[in-house]
**Student:** 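I am attaching a structure below and will ask some questions about it afterwards.
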2 protein chains.
Amino acid sequence: MTDRFVSNFTNRLDAKGRVSIPSSFRAVLAKDGYEGLYVHQALDLPALDAGGNALRGTIDDILARFSPFSDEWELLSTALNGTSEVLKVDPEGRITLSEALKAHAGIGDTLTFVGHGHKFQIWEPERFRAHLDAAKTRLRDVKRALGGLGTPGIVGTQAGGAGT
Amino acid sequence: MTDRFVSNFTNRLDAKGRVSIPSSFRAVLAKDGYEGLYVHQALDLPALDAGGNALRGTIDDILARFSPFSDEWELLSTALNGTSEVLKVDPEGRITLSEALKAHAGIGDTLTFVGHGHKFQIWEPERFRAHLDAAKTRLRDVKRALGGLGTPGIVGTQAGGAGT
DNA sequence: TGTGATTCCATTGACGCCCACGATTGCCCA
DNA sequence: TGGGCAATCGTGGGCGTCAATGGAATCACA
C-alpha cells in the first residue's frame, strides 16, 4: 500500500516557511523514484497538485489529448507547465512553497496534505474542510446514481449484524 | 469460511487508544493479503468502513467510472482517498483510530466490530444497537412486502458480501 | 563580507514493538 | 463425565524509535 497517496495530514509551517511532507507520502514519492516534488496550481480549485513522476505522467497525458499546436494545448501547457515548480526536499523531508503557490491556495501558517492516489493536493485547512463537505454531498448523489450497480459496500451498506 | 467478515464483537480501547481487531476478522484480513487496515468514514452513517484489499478495490472501481481529470473524479477522490486511512496493525492485532475517525463514529472507550462480508464496520456500541433495531424494523416491512417469497431467516443472517 | 538558502543538530511527543498477565475456551485424559 | 491442562485471545504497560518541529551552523553567491 505504499504506492498510493491516501488520507490527509495537517502540518504547520515553521518561521522559515518550511513544512514536512507526511512520512507516508514521502514513502510513495521515494518509490516513484523522484528527487524533488512536482507542484502546480490546481486548475479550478484553490489548491495545489503535487506528486512525483506519476503526476508528471498525467500532465503529459492531458496535453496529449490536444494537438500540440492548438490553442487548447497552449492554454493547458501554460496553466500546467507554466505554473509548475519542482521543489527541493530537504534532508528532513521538508519543502518550502513559493509565494505564488501559497497565494493561489490561500495558505497561511498551516496546510493540509490530501491524498489522491497517484498524486496529492495541498490545501489551506479551512478551505479543505469546506471542499470536503461538497465532495461528500456529491458522493451521495453518485452513490444514489450507482445504486444497485453491483458496487457493494463502498458506503453505507445497510445490513444488520447478527446477535452473538 | 474464513473469507468473510461475519458476526459482531465489542472490544475495549485501552489507555493508549488501542483496540484489538477480533481474531476471526484478522484471519480474513490475512487471507486478503494486506498489511494495514483500510478505513474510511461511512457516508450516511455514524460508522466506519474497514477492510483490506477487497474494500480498497471497491473504491478504485468507483473512481474508475470517471475520467481521471474530471471535476467529478476530483470530488470523489477527495471524499474517498482523502478521508481514507491506512491503519497499522501492531503485532498483537490492534489498531489505533485517529481522532477524526473516532469523532465521526462517536466512539469513546468501547466499540463494536460488525461483519459485512467483504468488509466490516466499526460502531459505537450504543449507536449500533439502535441502528440494528431500526434495521430489524425495516426488515420486517421488507419481509411483509416479499410476502411468502421464500426468504427464510433474513433477520439474523449476514447480508451483503461480494464473492471471493 | 553580508544575505539568503541549505544542511545539520536537538527536542519532544507520538507511535510501534516487545513482554507480561488474566480470563476464557477447547481438549485431553483419567 | 468431570477435572485439569494448554492454547488462544483480549488487555495492560514499558521502552525504544521515528516523525514533526524549531533553531543553529554552514555554505554560496553577489
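Quick caveat: nothing in here was measured; it's all calculated off a predicted structure. Residue numbers start from 1 in every chain, and the chains themselves are labelled A, B, ... in the order their sequence lines are given, proteins ahead of strands.
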**Student:** Using the side-chain hydrogen bond (donor to acceptor under 3.5 Å, both in side chains) rule, take B:H40 and B:E85 through it: C-alpha gap first, then chi angles, then the decisive distance, then the call.
**Tutor:** CA-CA 6 Å; B:H40 69 85; B:E85 303 192 22; over 6 Å; no

**Student:** Is it the case that the side chain of B:S77 and the backbone of B:E74 share a donor-acceptor pair, with hydrogens and angles ignored and the cut-off at 3.5 Å?
**Tutor:**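 No; judged by distance alone, with no hydrogens or angles, the pair does not exist.
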
**Student:** Does anything in residues 113-124 of chain A come within less than 4.0 Å of DNA chain C? Heavy atoms only, and list the residues if so.
**Tutor:**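 The stretch gives none, as no residue of it lies under 4.0 Å from the strand.
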
**Student:** Just to verify, which of A:I95, A:L111, A:T110 counts as forming a side chain to side chain contact (heavy atoms under 4.5 Å, CB included) with A:L13?
**Tutor:**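 Testing A:L13 for a side chain to side chain contact (heavy atoms under 4.5 Å, CB included) against A:I95, A:L111, A:T110 leaves exactly one candidate, A:L111.
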
**Student:** Would the A:F113 and A:F9 ring centres measure less than 6.0 Å apart?
**Tutor:**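 No; A:F9 has its ring centre 6.0 Å or more from that of A:F113.
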
**Student:** Does B:T83 reach the main-chain N or O of B:A79 with its side chain, forming a donor-acceptor pair under 3.5 Å?
**Tutor:**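 The answer is yes, because a donor-acceptor pair under 3.5 Å joins these two groups.
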
**Student:** Would you confirm whether A:D49, through its side chain, and A:A42, through its main-chain N or O, come within 3.5 Å as a donor-acceptor pair?
**Tutor:**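 No, the answer is negative, given that no donor and acceptor are paired below the 3.5 Å cut-off.
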
**Student:** Should the ring pair B:F5 and B:F25 be called parallel, tilted or perpendicular, given that the plane angle runs from 0 to 90° and is split at 30 and 60?
**Tutor:**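 Because their plane-to-plane angle is over 60°, the rings of B:F5 and B:F25 count as perpendicular.
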
**Student:** Name every residue in residues 90-106 of chain B that has at least one heavy atom under 4.0 Å from any atom of DNA chain C, in order of residue number, or write none if there are no such residues.
**Tutor:**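 When residues 90-106 of chain B is checked for heavy atoms under 4.0 Å from DNA chain C, the hits, listed by number, are B:P91, B:E92, B:R94.
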
**Student:** Bend angle of the helix from C:dT1-D:dA30 to C:dA30-D:dT1 from five-pair axes at both ends, rounded to 10°?
**Tutor:**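 Between the axes fitted at each end of the helix from C:dT1-D:dA30 to C:dA30-D:dT1 lies an angle of 30°.
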
**Student:** Hey, does the side chain of A:R26 come within less than 4.0 Å of D:dA20's phosphate (OP1/OP2), counting only N and O?
**Tutor:**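 Result: yes.
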
**Student:** Counting only heavy atoms from other residues, nucleotides and ligands, does the tally under 6.0 Å from CZ of A:R129 exceed 12?
**Tutor:**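 Open.
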
**Student:** Please identify the 5'-most and 3'-most nucleotides of DNA chain C with any atom under 4.0 angstrom from a heavy atom of chain A.
**Tutor:**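 Terminal contacting nucleotides, 5' to 3': C:dT6 to C:dC9.
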
**Student:** If only atom types and distance count, is the side chain of A:N53 paired as donor or acceptor with the main-chain N or O of A:D32 below 3.5 Å?
**Tutor:**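 Between the backbone of A:D32 and the side chain of A:N53 there is a qualifying donor-acceptor contact (under 3.5 Å).
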
**Student:** Grab the CZ-C1' distance between B:R12 and D:dG10 for me, whole Å please.
**Tutor:**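 Spelled out: CZ on B:R12 to C1' on D:dG10 is 10 Å.
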
**Student:** Quick one: do A:S7 and B:S84 satisfy side-chain hydrogen bond (donor to acceptor under 3.5 Å, both in side chains)? Show the steps, please.
**Tutor:** CA-CA 5 Å; A:S7 188; B:S84 293; over 6 Å; no

**Student:** Show your reasoning for whether salt bridge (charged side-chain N to carboxylate O under 4.0 Å, His left out) applies to B:R65 and B:E72.
**Tutor:** CA-CA 10 Å; B:R65 296 171 184 268; B:E72 209 73 11; over 6 Å; no

**Student:** Rounding to an integer number of Å, can you tell me how far B:D14 CG sits from D:dG13 P?
**Tutor:**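 Distance, rounded to whole Å: 8 Å.
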
**Student:** Determine yes or no for a side-chain-to-main-chain donor-acceptor pair under 3.5 angstrom, with A:R26 supplying the side chain and A:I21 the backbone.
**Tutor:**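 Yes, the answer is positive, given that a donor and an acceptor are paired below the 3.5 Å cut-off.
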
**Student:** Apply side-chain hydrogen bond (donor to acceptor under 3.5 Å, both in side chains) to residues B:R56 and B:Y38 and explain how you reach the verdict.
**Tutor:** CA-CA 7 Å; B:R56 202 193 104 186; B:Y38 206 81; 5.6 Å; no

**Student:** Which ILVMFWY residues can you reach from A:L45 by hopping between side chains whose heavy atoms are under 4.5 Å apart?
**Tutor:**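 The other cluster members (ILVMFWY side chains, heavy atoms under 4.5 Å, direct or chained) are A:V114, A:W123, A:F128, A:L132.
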
**Student:** Roughly how many Å is it from CG in B:L13 to P in D:dG12, rounded to a whole number?
**Tutor:**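 So the CG-P distance, B:L13 to D:dG12, works out to 10 Å.
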
**Student:** Can a donor-acceptor pair be found, under 3.5 Å and without considering hydrogens, that links the side chain of B:S70 to the backbone of B:F66?
**Tutor:**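 Such a contact is absent between B:S70 side chain and B:F66 backbone.
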
**Student:** Near DNA chain C, under 4.0 Å by heavy atom, which residues of residues 15-25 of chain A?
**Tutor:**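 Result for residues 15-25 of chain A: A:K16, A:R18, sorted by number.
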
